[in-house]
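The structure appears right after this line, and notes come after that.
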Protein chains: 2
Amino acid sequence: MLPAVPDKRQPARPSRPGNGRAKITDVAAAAGVSPAVVSRLLRGDDTLRIRDDTRERVLAVAADLRYTPNEVARALRRSESGILGMAVHDTSNPVYSEILTGAQAEAAASGYALLLADAAELARNDAMFEQVVRGNRIDGLLLQRGSGTADGIIARIASARLPLVLVNDRTRGDIASVALDDEAASHLATRHLIDLGHTAIGHLKLGTPKARSESRVRGWRRALHGAGLPEGPQLRGGHTSDEGAAALPRLLDGPAPPTAVVVSNVLSAVGAMTAARESGLRVPGDLSIAAVHDVFFAAHLSPPLTVVRLPLRELGRRSVAAILRLLDGAPVRHERIDDPPPELLVRGSTAPPR
Amino acid sequence: MLPAVPDKRQPARPSRPGNGRAKITDVAAAAGVSPAVVSRLLRGDDTLRIRDDTRERVLAVAADLRYTPNEVARALRRSESGILGMAVHDTSNPVYSEILTGAQAEAAASGYALLLADAAELARNDAMFEQVVRGNRIDGLLLQRGSGTADGIIARIASARLPLVLVNDRTRGDIASVALDDEAASHLATRHLIDLGHTAIGHLKLGTPKARSESRVRGWRRALHGAGLPEGPQLRGGHTSDEGAAALPRLLDGPAPPTAVVVSNVLSAVGAMTAARESGLRVPGDLSIAAVHDVFFAAHLSPPLTVVRLPLRELGRRSVAAILRLLDGAPVRHERIDDPPPELLVRGSTAPPR
DNA sequence: GCCGTTTGGTAAATCGATTTATCGATGCCG
DNA sequence: CGGCATCGATAAATCGATTTACCAAACGGC
């Protein structure tokens with residue numbers, strides 16, 4: 001019989017030929033240097049003084065062993081994970097997934113990865129909040145709440161001292177934000193309807209009935225005032241097709257029904273258009289509809305939808321850029337994107353009133 | 001002058017009242033126990049024997065200090081990050097973002113987070129590949145390549161020994177996969193056109209011209225053969241509206257142009273529909289179009305698009321479930337989702353031939 | 001030939017949690 | 001009262017990389 005084995009653990013084979021993953025100590029051992037040299041060389045530490053032949057030898061061994069640093073160990077040591085959190089209100093909404101696509105692209109270009117979270121889930125699920133926000137997994141968070149998640153989440157994240165950028169949301173002055181020029185977009189859409197000759201122009205907005213300060217409401221109101229027109233009815237139209245469909249009839253229900261509507265979100269505009277048709281109105285014959293945000297299918301709807309295009313991908317990109325600056329110690333800023341300015345795309349859903 | 005300070009580091013205040021984040025040693029010290037107790041208690045180690053008053057005290061201190069474990073340290077020690085990678089071909093494509101939404105929901109429900117990557121970028125960018133696939137950041141990867149990314153990436157990931165699930169892609173028998181019943185869907189759409197009386201039915205497929213084995217091609221062909229009809233023309237229609245628009249004219253260009261087309265992807269169907277109209281054909285008068293995959297706006301197009309709905313979110317959910325099983329040591333499987341079976345939604349883009 | 005500097009590295013602490021082996025103090029049994 | 005369990009913990013190794021402080025050897029200047 002064998003004598004009692006004092007140590008049941010595997011005897012730790014010194015080098016594994018491709019079996020497990022090579023560690024920095026494996027590289028160091030194989031190259032005959034200390035791990036410090038390997039780390040400092042591979043990270044480009046410019047205070048490292050090293051002979052050329054040693055350098056080549058270490059690099060060759062690292063390549064040979066297909067050494068890739070363990071990012072988790074790096075993250076622990078450096079207190080920096082190289083991961084950014086992105087909390088989105090509704091990933092399946094094409095408007096928001098467009099933002100996500102831009103953010104993903106910019107993050108990848110900067111060597112960061114994106115950890116995806118659902119904004120509502122983050123607000124609701126405490127275990128998830130702890131893990132994502134307070135678990136040191138991410139270096140910063142992009143929060144795109146839509147208008148679907150209560151304000152409290154912002155304070156909770158802020159109090160966890162996690163660098164935070166609000167995406168198209170300027171709820172709090174002390175938190176960095178990147179936003180589109182929604183007001184200009186809404187103004188442009190409204191102005192278009194005014195130019196067509198409409199005088200009774202309603203608005204389907206995103207937020208709650210009392211949210212009078214929404215930027216898109218402001219743009220609409222400013223255009224009306226500028227033309228000396230009265231404010232038409234305004235109502236919540238939400239973010240989705242169904243919400244838009246439900247809201248439109250109520251908007252037209254009043255004593256002086258509008259002949260044109262500005263809709264804050266292209267998805268609810270789709271619903272509104274369908275609802276109009278179902279209640280016997282023709283678009284644009286009886287009702288003109290103009291929406292904020294272009295999505296690829298808007299041009300293929302029946303009728304094609306007149307929209308104002310805003311640079312959604314750019315919003316994603318700039319949001320990532322903003323949080324990276326924040327991580328570099330830059331001060332909190334509020335950024336508005338007006339480089340590709342809002343662009344009116346006149347299609348078939350708007351026409352002069354009869 | 002002050003004497004030379006031997007140590008420039010902060011003297012490491014033993015407990016920080018809410019300043020930095022509390023560590024497990026802070027909790028242990030404050031509760032008068034060792035870190036081991038805190039860890040084992042909080043993780044529910046059932047071999048831990050602890051007095052009730054000690055338990056209460058530790059829990060109280062942990063709550064008081066708002067202790068949240070550092071997930072990075074946990075991940076390093078346990079060699080498990082609690083993060084799943086999700087590589088998607090095109091996040092802004094609503095079909096794929098629907099899968100993503102389902103995956104995100106299931107991951108969150110299982111206590112996992114999702115790390116997002118672009119499939120093409122992963123294949124192209126070596127630094128990103130190393131970091132994401134070989135950096136121990138993720139416990140497994142869901143790969144949804146669409147047909148836009150070469151096969152090589154699968155082998156590369158597999159050889160990194162990262163648990164992998166292919167999403168709607170059965171390219172390799174030795175890699176786990178979860179797929180929709182695309183063939184049945186395509187068959188259903190084709191059958192619908194046959195039932196309407198069409199006898200010349202073309203097909204716009206996803207992949208390359210030579211990809212004759214695609215499941216949707218098979219469904220289309222099987223339906224035609226079953227009805228004793230000849231195979232109409234088939235051509236690549238891609239994943240996007242533009243690709244579909246470019247392909248349609250060429251499909252109709254032959255000697256016996258089809259009176260109906262099955263399109264493998266709803267987005268290219270939108271493009272095809274627009275292209276048809278632009279070349280003077282009426283849909284469905286002159287050309288019927290049926291597509292695979294439902295997206296919310298299909299019903300609002302002009303004309304509303306006839307589609308076969310497949311459970312895309314469920315695909316995302318089941319893919320996550322599949323990789324979690326793999327992590328639990330379950331064997332590689334190929335799963336087909338046919339629980340909510342493919343459903344034909346007849347709308348306005350299909351009609352009997354003239 | 002002595003001392004200071006540069007070269008080319010290394011040793012060791014550290015990040016924060018997990019986990020296994022161990023251990024002192026009681027309790028219990030006969 | 002002696003010996004053995006059981007209770008209620010703890011010490012210390014470990015995960016893999018980074019980084020600071022330090023150091024031996026070679027070199028250079030006078």
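We use all heavy atoms of the structure for the numbers below, so side chains are in, but hydrogens, waters and symmetry mates are not.
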What is the distance from [atom1] of [X] to [atom2] of [N], rounded to the nearest Å?
{"X": "Asp52(A)", "N": "dT7(C)", "atom1": "CG", "atom2": "P", "value": "13 Å"}
{"X": "Asn70(A)", "N": "dC15(C)", "atom1": "CG", "atom2": "P", "value": "18 Å"}
{"X": "Arg21(A)", "N": "dA17(D)", "atom1": "CZ", "atom2": "P", "value": "11 Å"}
{"X": "Glu80(B)", "N": "dG16(D)", "atom1": "CD", "atom2": "C1'", "value": "17 Å"}
{"X": "Leu76(B)", "N": "dC15(C)", "atom1": "CG", "atom2": "C1'", "value": "9 Å"}
{"X": "Ile24(A)", "N": "dT19(D)", "atom1": "CD1", "atom2": "P", "value": "11 Å"}
{"X": "Arg51(A)", "N": "dT7(C)", "atom1": "CZ", "atom2": "P", "value": "13 Å"}
{"X": "Gln131(A)", "N": "dA17(C)", "atom1": "CD", "atom2": "C1'", "value": "14 Å"}

What nucleic acid atoms does [X] come within less than 4.0 Å of, heavy atoms only: base, sugar-phosphate, or nothing?
{"X": "Arg49(A)", "result": "base"}
{"X": "Ser39(B)", "result": "base"}
{"X": "Arg43(A)", "result": "sugar-phosphate"}
{"X": "Val38(A)", "result": "nothing"}

Is any side-chain N or O of Thr25(A) closer than 4.0 Å to OP1 or OP2 of dG16(D)? no
Indicate whether OP1 or OP2 belonging to dA17(C) is found under 4.0 Å from a side-chain N or O atom of Tyr67(B). yes
Nearest to the side chain of Arg78(A), which nucleotide is it out of dA9(D), dT10(C), dT18(D)? dT18(D)
Between dA17(C), dT19(D), dA9(D), spot the one nearest the side chain of Arg40(A), thanks. dT19(D)
Looking only at N and O atoms, is any donor in the side chain of Arg77(B) or the base of dT14(D) less than 3.5 Å from an acceptor on the other one? yes
Heavy atoms only: give me the nearest Arg137(A)-Ile83(A) pair and the separation to one decimal. O-CB, 3.8 Å
Taking all non-hydrogen atoms of both residues into account, name the closest pair between Ser177(B) and His334(B) and its distance. OG-ND1, 2.9 Å
Hey, does the side chain of Asp139(A) reach the backbone of Leu84(A) with a donor-acceptor pair shorter than 3.5 angstrom? no
Between Thr47(B) and Val72(B), which has a closest nucleotide on DNA chain C that is more 5'? Val72(B)
Chi angles and distances behind the salt bridge (charged side-chain N to carboxylate O under 4.0 Å, His left out) call for Asp26(B), Arg21(B): CA-CA 9 Å; Asp26(B) 297 330; Arg21(B) 237 182 268 302; over 6 Å; no
Side chain to side chain contact (heavy atoms under 4.5 Å, CB included) between Asn70(B) and Val72(B): does it pass, once the steps are laid out? CA-CA 5 Å; Asn70(B) 183 321; Val72(B) 176; 3.2 Å; yes
